[in-house]
Protein chains: 2
Amino acid sequence: MEFQKVDGRKARGEKKRRAIVEATLRVIERDGVTGVTHRSVAREAGVPTTAPTYYYATLDDLLIATLLWSAEELCDEMLHVVATGSAREIAQCLAQAVDEHRGRTLAEYELYLLAGRRPELKPAARRWLDLAVELARPADPTGFRAFLAAIDGLLIQGLIADVAPNEAELEPIVSFLIRGRDELTAAPREE
Amino acid sequence: MEFQKVDGRKARGEKKRRAIVEATLRVIERDGVTGVTHRSVAREAGVPTTAPTYYYATLDDLLIATLLWSAEELCDEMLHVVATGSAREIAQCLAQAVDEHRGRTLAEYELYLLAGRRPELKPAARRWLDLAVELARPADPTGFRAFLAAIDGLLIQGLIADVAPNEAELEPIVSFLIRGRDELTAAPREE
DNA sequence: AAACTTATGGAACACTTGTTCAGGTAGTTG
DNA sequence: CAACTACCTGAACAAGTGTTCCATAAGTTT
């Protein structure tokens with residue numbers, strides 16, 4: 001009756017919803033978007049076969065929810081480093097993304113491609129780009145866009161290299177690019 | 001009997017093989033790798049349901065063959081422009097890739113991601129990068145790698161933009177990047 | 001504690017999938 | 001023209017898919 005009191009049933013439901021989304025992300029990391037089925041997700045999450053269907057009307061909804069959530073998470077992690085970190089920090093971040101977090105990075109780029117075919121995903125896929133621009137407020141937008149594009153390219157090319165590039169290899173390239181971010185950004189920002 | 005005479009049956013088979021691969025690429029362009037099934041490919045190619053299975057033992061083999069072939073084709077088209085073209089030419093090429101050839105570009109990046117999970121596809125996915133380096137022979141490899149990375153990034157980001165970027169938007173960015181290719185490449189090459 | 005609402009899950013259905021296989025067909029050879 | 005061989009295919013199957021449906025369990029309210 002208190003206005004704060006939420007229905008315990010709904011609370012439990014929310015928890016399960018989240019567990020399902022997390023399980024879906026694990027499946028994508030392991031097997032790609034192709035590997036996502038109601039059943040594979042249910043197995044991974046340890047819930048009944050019909051639970052994913054119950055919480056997400058269609059398989060598409062589940063995928064979309066998962067990738068939106070994933071994109072948001074990744075944004076928080078990477079954004080600050082990319083927008084304000086040193087070349088060394090950025091290189092380290094990239095090296096991790098294509099090595100330890102390889103599965104996660106692959107999943108992230110599957111979102112990109114999916115967004116290419118599903119307009120409703122575009123904002124989520126583009127979110128880190130928009131936020132990066134907002135955060136860095138570069139005085140030279142052209143150079144900054146080149147920098148951001150190169151980050152995507154380095155990651156994706158890192159994923160198909162025979163051996164993932166390490167921090168030492170990436171740093172000079174990042175340094176070269178970072179000019180587009182810093183050259184003029186260093187000027188005092190007034191807002 | 002002449003040593004040139006090939007079995008007419010085999011010749012016909014080769015033609016069908018190619019038709020199947022081309023149909024597969026069309027399916028990928030339209031529906032993505034997910035949409036590729038023996039049956040969808042057969043429908044698209046106008047061949048019997050079992051033909052794809054006959055020519056390619058497994059669905060994976062079919063996908064691999066298609067993507068190898070596609071990568072090779074794209075290489076021939078884009079490579080020269082990217083390695084030696086002017087900023088304007090490159091920008092025009094990119095603008096086309098994310099607009100008229102959008103489906104094809106999407107398909108190409110699905111190859112990238114697939115290669116991330118199937119090591120045997122890596123060489124094919126990486127081919128244009130290797131060839132570009134060989135063709136441009138940049139004196140500044142770092143800048144050139146940054147340039148190549150940015151091309152991938154611009155394409156992929158172009159695919160998820162609300163409206164595909166046009167030549168005019170892309171040209172300044174390419175100009176900014178192309179320094180890494182031309183700055184020192186212009187020096188006389190001796191070999 | 002009875003009435004009510006909401007979340008949940010097992011069984012089932014219609015459908016599509018990859019793949020197999022025995023027979024037929026077309027091209028080649030003697 | 002007959003024998004041969006390699007290529008090809010339609011029907012069929014087992015397995016897995018997304019989704020529906022209703023009985024039940026769990027929680028809330030009166």
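Just so it is clear: chains get the letters A, B, ... in the order the sequence lines come, proteins before strands, and each one is counted from 1. Everything numeric in this text was worked out from a predicted model, so none of it was measured.
Set against D/dT17, D/dC8, D/dG10, the side chain of A/T37 has D/dT17 as its closest nucleotide. Residue B/Y54 places its side chain closer to D/dC8 than to any other of D/dC8, D/dG18, C/dA7. Set against D/dT9, D/dG18, C/dG9, the side chain of A/H38 has D/dG18 as its closest nucleotide. The listed nucleotides are C/dA7, D/dT9, C/dG10; the one nearest the side chain of B/A51 is D/dT9.
When heavy atoms are screened at a 4.0 angstrom cut-off, B/T58 is found touching the sugar-phosphate backbone but no base atom. As judged by a 4.0 angstrom heavy-atom cut-off over every strand, A/T50 is placed among the base-contacting residues.
Residue side chain A/T53 does not reach the base of D/dG18 through any donor-acceptor N/O pair under 3.5 Å, judged by distance alone.
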**Steps toward side-chain hydrogen bond (donor to acceptor under 3.5 Å, both in side chains) verdict (A/T50, A/T53)** = CA-CA 5 Å; A/T50 48; A/T53 319; over 6 Å; no
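Using a 4.0 Å cut-off between charged nitrogen and carboxylate oxygen, B/R118 and B/D60 count as a salt-bridge pair. Residues A/R17 and A/E22 are not paired through a salt bridge, judged by the lack of any N-O separation under 4.0 Å between the basic side chain and the carboxylate.
Distance, A/E14 CD to C/dT6 C1': 14 Å, rounded to whole Å. In this entry the distance linking CD1 of B/I20 with P of D/dT9 reads 9 Å, nearest Å. Remark: P of C/dT17 and CZ of A/R39 are 16 Å apart, rounded to the nearest angstrom.
Defined by atom type and a distance below 3.5 Å, a donor-acceptor pair is missing between the side-chain atoms of A/D61 and A/Y55.
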